[in-house]
There are 2 protein chains.
Amino acid sequence: MTTKREIQLERSKQSKHTKQPKQSKQFTMCQYAILASLAQEPRSGYDIAQWFAFVTKHFWSVGHSSIYPALADLEQRGLVEYTEVPSEQGPTRKVYHLTPSGTEMLMEWVELPAADAEVRDEQLVKALCYGFLPPERAIALLRMARARHVERKAHYEELARRREEEERTGDPHKAAAALGQRLTARRGVGVQESYIAWCDEAIAAIEEFHAQHNY
Amino acid sequence: MTTKREIQLERSKQSKHTKQPKQSKQFTMCQYAILASLAQEPRSGYDIAQWFAFVTKHFWSVGHSSIYPALADLEQRGLVEYTEVPSEQGPTRKVYHLTPSGTEMLMEWVELPAADAEVRDEQLVKALCYGFLPPERAIALLRMARARHVERKAHYEELARRREEEERTGDPHKAAAALGQRLTARRGVGVQESYIAWCDEAIAAIEEFHAQHNY
DNA sequence: AGGCGCATGTAAACTGTTACATGATTCG
DNA sequence: CGAATCATGTAACAGTTTACATGCGCCT
């Protein structure tokens, strides 16, 4: 009876009408990430998985079981193609590369403003409760976290150094790809540095808090 | 025929045998986050959703449709209880608070070392391709991103300031809760600061790159 | 002989989002 | 009168992870 309800009913009818022309689904973020990976250089599904795990883990990572179906879909839509290359170990590799329309689609997407980053950081959920923990326990946990981030910082610094070298090769495509990768590696360094600084700040804050509350 | 296969078959048999005693599922991260939220102060499902959206968005966030079933499950297991409080607007609020066993379970979990943070940052996937974009386009995109992070930095600074004040109240529980929240707000500030610094670095790197490649 | 890294894929299970569903009160 | 906020919940859907499945070659 209410107008609100009528609007909702109207909407549902419309959506049913417009359902049919919508056959081909949109691309997933995962697929754009794969295109971006292939824009750097041709790679197999296995290579992409390794690259996600070792190079882009601080901002993007999916397992191989998401990559293989995504590649198959991109291939069907003509955005990537592959050449079979025999491997010394294991089955023949399918080395994928971007097609012109794949490059076009990727660059169109790259020019769009990015959505907000999504973060799930268990450490900070726990940090919410560090005020309730005996200070030495909380500090011990923060020191462990700090050590992990120091290690990772070194990893991204190493990556950034390598890409910077690659930028000075003659090939303009390789240089442009290396620039992009260097930027993300530098972000990795920054993320780890700011986390290390936070651990130090948190340790100091907890010490100060307990010094003041039971002097 | 292979021994490997036999091991796998063995394993699958074992898992079938041990399946039955496993009746009650483990808690999800989401549920621990809700417990951590309630450790700060009693809240309704709606409150928790608001709090996730405005206070913990930089490290944890789920929609209300995940929160209500999670709360119902926690209640059934005796980790939280609620009291119905009439609201001026809308249905009666169910204000949840931790039970002693809920507090215990939370603190046990908090003392465990945290898993790695999971991040999905579209911006950095796009940054991988910024070497292929005309420099002024890439720089324009980075400037937009920078502006967003400047805004957010101010938001977390404001939150940190408020919690710091709360730490100086007489109530020791409130003060301890405020400490935890201040730590996470400070992390928010650090995250935004390092992102702003990265945007500046990236803009400079792109300018330099193009100056050198077509001088 | 067995474990590990390479290499590809599929299926079930889990987790979370979007949309659906309802309804009171306040404000313009 | 409609939009927005408060307030609770469910159902369908999407995306990912874990486990399943297979098999070669190298190393110990």
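Worth knowing before you read on, the calculation uses all heavy atoms, side chains too, and leaves out hydrogens, waters and symmetry mates.
Take the nearest nucleotide of DNA chain D for B/Arg93 and for A/Cys30: the residue whose nucleotide is more 5' is B/Arg93. Each of A/Met29 and B/Gly90 was matched to the nucleotide of DNA chain D holding its nearest heavy atom; the match closer to the 5' end belongs to B/Gly90.
Comparing D/dT16, D/dT18, D/dC6 by their closest approach to the side chain of A/Ser65 singles out D/dT18. Here C/dG16 is the nucleotide among D/dG9, C/dG23, C/dG16 with the atom lying nearest to any side-chain atom of B/Trp60. Counting only heavy atoms from C-beta on, B/His64 has its side chain closest to C/dA19 among D/dT17, D/dC6, C/dA19. Each of D/dT18, D/dA7, C/dG9 was ranked by its minimum atom distance to the side chain of B/Pro91; first place goes to D/dA7.
Checked against B/Tyr156 for a side chain to side chain donor-acceptor pair (under 3.5 Å), the options B/Lys57, B/Gln192, B/His58 give a single hit: B/His58.
Relative ring orientation between A/Tyr32 and A/Trp109 is described as parallel, the plane-to-plane angle staying below 30° on a 0-90° scale split at 30° and 60°.
Among all heavy-atom pairs drawn from B/Phe59 and A/Val125, the shortest one is CE1-N, 3.7 Å.
Spacing between atom CZ of B/Phe27 and atom C1' of C/dG16 amounts to 19 Å, rounded to whole angstrom units. Atoms OH (A/Tyr68) and P (C/dA7) sit 9 Å apart, rounded to a whole Å. Counting to the nearest Å, the C1' atom of C/dT15 and the CD atom of A/Glu122 are 15 Å from each other. Protein atom CD1 of A/Ile67 is 12 Å distant from nucleotide atom C1' of C/dT8, rounded to whole Å. One can place CZ of B/Arg43 at 15 Å from P of D/dC6, the figure rounded to the nearest angstrom. The CG-P distance, from B/Leu71 to D/dT10, rounds to 12 Å in whole Å. In this structure, the OH atom of A/Tyr82 is 7 Å from the P atom of C/dG9, given to the nearest Å. Atom C1' of nucleotide C/dA7 and atom CH2 of A/Trp51 are separated by 20 Å, given to the nearest angstrom.
Under a cutoff of 6.0 Å and an axis angle of 45°, B/Arg77 and B/Phe27 form a cation-pi pair. For B/Arg137 and B/Tyr130, the positive end is not near the middle of the six-membered ring at less than 6.0 Å and at most 45° from its axis.
Among the heavy atoms of the strands lying under 4.0 Å from A/Ser66 is at least one base atom, whether or not backbone atoms are also near. Counting any heavy atom pair closer than 4.0 Å across all strands shown, A/Ser87 reaches sugar-phosphate atoms only and no base atom.
For C/dT8, its base never sits under 3.5 Å from the side chain of A/Ser44 at any donor and acceptor pair.
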Name the pairs: protein N/O against N/O of nucleotides 26-28 of chain C, kept only if under 3.5 Å.
none

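More than 12 heavy atoms of other residues, nucleotides or ligands lie within 6.0 Å of CZ in A/Arg152, so this atom counts as buried by the packing criterion. Counting non-hydrogen atoms of neighbouring residues, nucleotides and ligands closer than 6.0 angstrom, the CD atom of A/Glu118 reaches no more than 12 such neighbours.
In this model, the phosphate group of D/dC6 is approached by a side-chain N or O of B/Tyr46 to a distance below 4.0 Å at OP1 or OP2. Between A/Arg120 and C/dT15, a side-chain N or O to OP1/OP2 separation shorter than 4.0 Å is absent.
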Got a list of side-chain donor-acceptor pairs under 3.5 Å for residues 82-89 of chain B, not counting sequence neighbours?
unit_1: B/Ser87; atom_1: OG; unit_2: B/Gln89; atom_2: N; d: 2.9
unit_1: B/Ser87; atom_1: OG; unit_2: B/Gln89; atom_2: O; d: 2.3

